[in-house]
Amino acid sequence: MTIEAILKEDIRIAIQKHFDVAADDIILQPTKKEFEGFYTFVTFSLSKTARKSPAEIGQIIGTELQESSSLVSHFNVVQGFLNLSLKDSTWRGLFDSILTNPAFGTFPSNGESVMVEFSSPNTNKPLHLGHLRNNFLGDSLARILKASGYDVVKTCLVNDRGIHICKSMLAYRELGNGETPESSGLKGDHLAGKYYVLFDKEYKAQIGKLVEEGMSEELAAKKAPWMLEAQQLLLAWEQGDQAVVDLWNKMNGWVYDGFRQTYDKIGVAFDKTYYESNTYLLGKDIIEEGLKKNVFFRKDDNSVWIDLKEEGLDEKLVLRGDGTSVYITQDLGTTELKFSDFHNNRYLWVVGNEQDYHFKVLFAILKRLGRPYADGCYHISYGMVDLPSGKMKSREGTVVDADELVSQMIQTAADRTQELGKIDDFESAEAKKLYDQLALGALKYFLLKVDPKKRMLFNPEESIDFQGHTGPFIQYTYARIRSILRKAEQSGLIPTVPSENYKIHAAEKELIFSLSLYPSRVLTAANEFAPSVISLYAFELAKVYNQFYAEVSIFQDPDPEAVKFRIALSKVVSETIHSALELLGIDVPERM
RNA sequence: GGUCCGGUAGCUCAGCUGGAUAGAGCAACUGCCUUCUAAGCAGUAGGUCAUGUGUUCGAAUCACAUCCGGAUCACCA
């Protein structure tokens, strides 16, 4: 049982005893900094039933706890707030339980499995900042869910077919002159992206010309020669035209090669990758089934629909009149495939909030169809990354390219590190590794510290910080501690829990308290699908440690017990920081 | 227009299962490196929590309304 749980029980018993009131859900909050104590119980709500003033109630419960609770040393009451301080033996026991628990912050298997689908790129252009948020969120969530007891499968659904890919292919065929990643020195995904942009340029010119000749803009957009041709390409692809399929294979191959480099660089991997070219025909059987079950209905033009007005949604098309699939058809099929592949208890999709409606519809359909996995489906909807100028638009060239951003961050990390001159003795490979760790630490932390649901702002003018509320701040705290632990080891000092006579310092209590919060934060992060909970925790812990570090001396303290205790505290903090950052996919350096 | 999400310090964000004088970081200003890494610590300054009404002993937090911003409502994905 946790300290908090025992305290709540003690408070419940005290209330029962003195006021004869059954209080089931006792809520404790952390005591605000300006008051003494660590846990606060608010008594206002008891005032009516207990027929006493909040302050009196606080006094009575506080006195009772001081006498009978095994944990409480003393208390103070401010208005209706009962602030509780803990005995040194409580702190010692708490710390001991953390120190001796090698799996601190991770939970045993809960017997459930979950699939996290994320990343899901299109193969016509390179990854951008928005994809990074998606990738980091998905990767981190997978780690957090694993730590909280789930069996996790990470999947990626690659959108490797469709009109957008055909646009790149067309522009390449017409303007490419046989260019390759090797001949151009461009990463494959960037090469494909280049032709996507070229397509758009030419396409716009064609529209302009048609409009000049008197055509309406809307019609011109449909009738522009390259648009018609791209549609022809798509059709040819679907019919298996060898030349088209060959080009498609060639260009997608380049793109995958480029993606692989990016994924390697940012440390993201998947257990299984699904390709839309393999799944886009799936789902039609489900449409048939739904028609038989009268979940769907057919309109006169042969298109198939579902009426979701009861769910507060609308009528929704599930199959085109010509019998071809739409997005939702595919998703029905892919979800069925995922289920038959893995039989997970839960399915999560990390997809931007622009698709909120789509997933509402998808899940509603799965329920109507009576799918066993329907209730386990959940859309992890995250907000867009905006620029000061507004939304990123790939066609308008306002996107922040992922590879470029990462290499800029690495350069900044290198510059900053060299300025400080602390690692001048590093081999160049060692230094490079550190720059990568810091750059990705800064970038990942930047994108993961914000509540996923909220849209966030990225200003390319102001590069991402390495000071203050950042990844490198936390990494720095870790490196600092590692340095201490190395020194301790050399001096033969063993981390130890102090004896009963040892008077625990306030800064030490703060640290133990911060540490004790970790497991519950992991669970909160898992339940809310919010890596930001872990981000904020890691920052708080690092901050508390730095305060401790500034306030007390570790090796200079005359009391050998204090020295060994502080080394033990440092050790556990470093391990907890390491663990928390690992949940965010952030690496820790031994020195920086 | 319907639905959904958001509006907290100059900027970026916490806090939102109701509780104490609303917290961080950045930017600004002041101190602290002969002592374990100053990518740090301590401090100053900065707020009508979009607005209004309501519920409550108590509201940034809940409800309703209004204003502002965004997303979505495709036989696109």
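Convention: sequence-line order gives letters A, B, ...; per-chain numbering from 1. When reading the values below, keep in mind they use all heavy atoms of this one structure, side chains included, and skip hydrogens, waters and symmetry mates.
Taking side-chain N and O atoms only, A:S483 has no distance below 4.0 Å to OP1 or OP2 of B:C36. Of the side-chain N and O atoms in A:Q79, none sit less than 4.0 angstrom from OP1 or OP2 of B:G19. Contact between the side-chain N/O atoms of A:K360 and the OP1/OP2 oxygens of B:U72 is not found at any separation under 4.0 Å. Close to B:U12, at under 4.0 Å from its OP1 or OP2, lies no side-chain N or O of A:K454. Phosphate contact (OP1/OP2 of B:G7, side-chain N/O of A:R455, threshold under 4.0 Å): absent.
For the pair A:Y476 OH and B:C36 C1', the interatomic distance rounds to 11 Å; values are reported in whole Å. The interatomic distance linking A:D356 (CG) with B:C4 (P) rounds to 11 Å, in whole Å. Summarising the geometry, the separation between CG on A:L362 and P on B:U72 is reported as 18 Å, rounded to the nearest angstrom.
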Working for ring pair (Phe, Tyr, Trp, His ring centres under 6.0 Å), residues A:Y537 and A:Y518
CA-CA 7 Å; A:Y537 172 76; A:Y518 184 51; 5.3 Å; yes

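Nearer the 5' end of RNA chain B, as judged by each residue's closest nucleotide, is the contact made by A:G312, out of A:I484 and A:G312. Taking for each of A:V450 and A:M592 the nucleotide of RNA chain B with the nearest heavy atom, the 5'-most of the two is the partner of A:V450.
A gap of 13 Å separates the C1' atoms of B:A14 and B:A9, to the nearest Å. The gap from the P atom of B:G6 to that of B:C62 amounts to 9 Å, rounded to the nearest Å. Taking atom P on both B:U61 and B:U51, the two are 10 Å apart, rounded to the nearest angstrom. A gap of 25 Å separates the P atoms of B:U72 and B:A65, to the nearest Å. Rounded to a whole angstrom, the distance from the P atom of B:A42 to that of B:C4 is 44 Å. A gap of 11 Å separates the P atoms of B:C5 and B:A63, to the nearest Å. Taking atom C1' on both B:G25 and B:G46, the two are 14 Å apart, rounded to the nearest angstrom.
Each of A:F75, A:F513, A:F81 was checked for a ring-ring contact (aromatic ring centres under 6.0 Å, His included) with A:Y39, and the lone residue meeting it is A:F513. Exactly one residue among A:M392, A:K454, A:E354, A:M456 makes a side chain to side chain contact (heavy atoms under 4.5 Å, CB included) with A:M384. That residue is A:E354.
Between the side chain of A:N83 and the base of B:A20 there is at least one donor-acceptor pair of N/O atoms closer than 3.5 Å. Contact of A:S532 with B:A14 (side chain to base): no donor-acceptor pair of N or O atoms is detected under 3.5 Å.
In this structure a side-chain-to-backbone donor-acceptor pair under 3.5 Å is missing from A:T31 to A:N83. Using a distance-only test at 3.5 Å, with no hydrogens or angles considered, no donor-acceptor pair links the side chain of A:T329 to the main chain of A:G283.
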Given Watson-Crick and G-U pairs under 3.5 Å, RNA chain B in dot-bracket ([ ] crossing, | other strand) is ((((((((.[[[[.)...(...]]]].(((((.......))))).....[[[[[..)....]]]]])))))))....

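Between the side chains of A:T477 and A:N546, a donor-acceptor pair is found at a separation under 3.5 Å.
Judged by a 6.0 Å distance limit and a 45° cone about the ring axis, A:K167 is not positioned over the six-membered ring of A:W226.
A:K543 comes within 4.0 angstrom of the backbone, heavy atoms only, and of no base.
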